[in-house]
Amino acid sequence: MAESKKTKKSSSSSSSKSGIWGLNKISFWTIVAVTVLYALNLVFSAIGGKLTTVVGILSGIATAIMICIVAVLAWRYVRNKPIVWKVLYIICLLIVIAGIIVPLVI
């Protein structure tokens with residue numbers, strides 16, 4: 001009986017680690033994608049090609065996705081904290097969003 005519980009537990013934990021796109025895997029591949037886009041942006045900026053604006057837009061989107069992932073992780077940390085932490089989280093998030101949008105408009 002104890003042996004069957006052991007095998008059941010180890011098989012479920014190994015399948016959940018390899019088969020599901022968890023936040024860790026999504027975070028890693030997002031960083032890889034952002035690295036590629038920033039590298040392309042750097043190369044096209046140095047060359048002066050017309051694709052600079054396209055790659056710049058894609059890097060902005062990738063950066064926004066990274067911020068969303070970090071915001072979810074930060075909310076998981078702040079969720080059970082006192083209200084001061086939640087207010088600080090919202091203020092920081094608004095400043096980050098303004099830091100992305102304002103330079104695009106100006």
Once you round to the nearest 0.5 Å, how far does [atom1] of [X] lie from [atom2] of [Y]?
| X | Y | atom1 | atom2 | value |
| --- | --- | --- | --- | --- |
| L93 | C68 | CG | SG | 8.5 Å |
| I31 | I65 | CD1 | CD1 | 12.5 Å |
| I47 | L40 | CD1 | CG | 10.0 Å |

- [ ] Identify, with sequence neighbours excluded, every residue that meets side chain to side chain donor-acceptor pair (under 3.5 Å) alongside T35.
- [x]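 In terms of side chain to side chain donor-acceptor pair (under 3.5 Å), with neighbours along the sequence ignored, T35 is linked to no residue.
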
Open item on the list: Please say yes or no: joined through hydrophobic side-chain contacts below 4.5 Å, possibly via intermediate residues, are L94 and Y77 part of one cluster?
Closed with: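 Yes, it is one cluster - the side chains of L94 and Y77 are joined through contacts under 4.5 Å.
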
Distance-only check: which donor-acceptor pairs under 3.5 Å involve side-chain atoms of residues 79-89, not counting sequence neighbours?
| residue | atom | partner | partner atom | Å |
| --- | --- | --- | --- | --- |
| K86 | NZ | R79 | O | 3.2 |
| Y89 | OH | A71 | O | 3.0 |

Task: Close side-chain approach of V70 and M66, heavy atoms under 4.5 Å - done: no

- [ ] Quick one: list whatever passes side chain to side chain contact (heavy atoms under 4.5 Å, CB included) with F28, sequence neighbours left out.
- [x] V32

- [ ] Would you name the heavy atoms of T30 and I69 that are closest together and state the gap between them?
- [x] OG1-CD1, 3.6 Å

Task: Heavy atoms of other groups near W75 CH2, more than 12 under 6.0 Å - done: yes

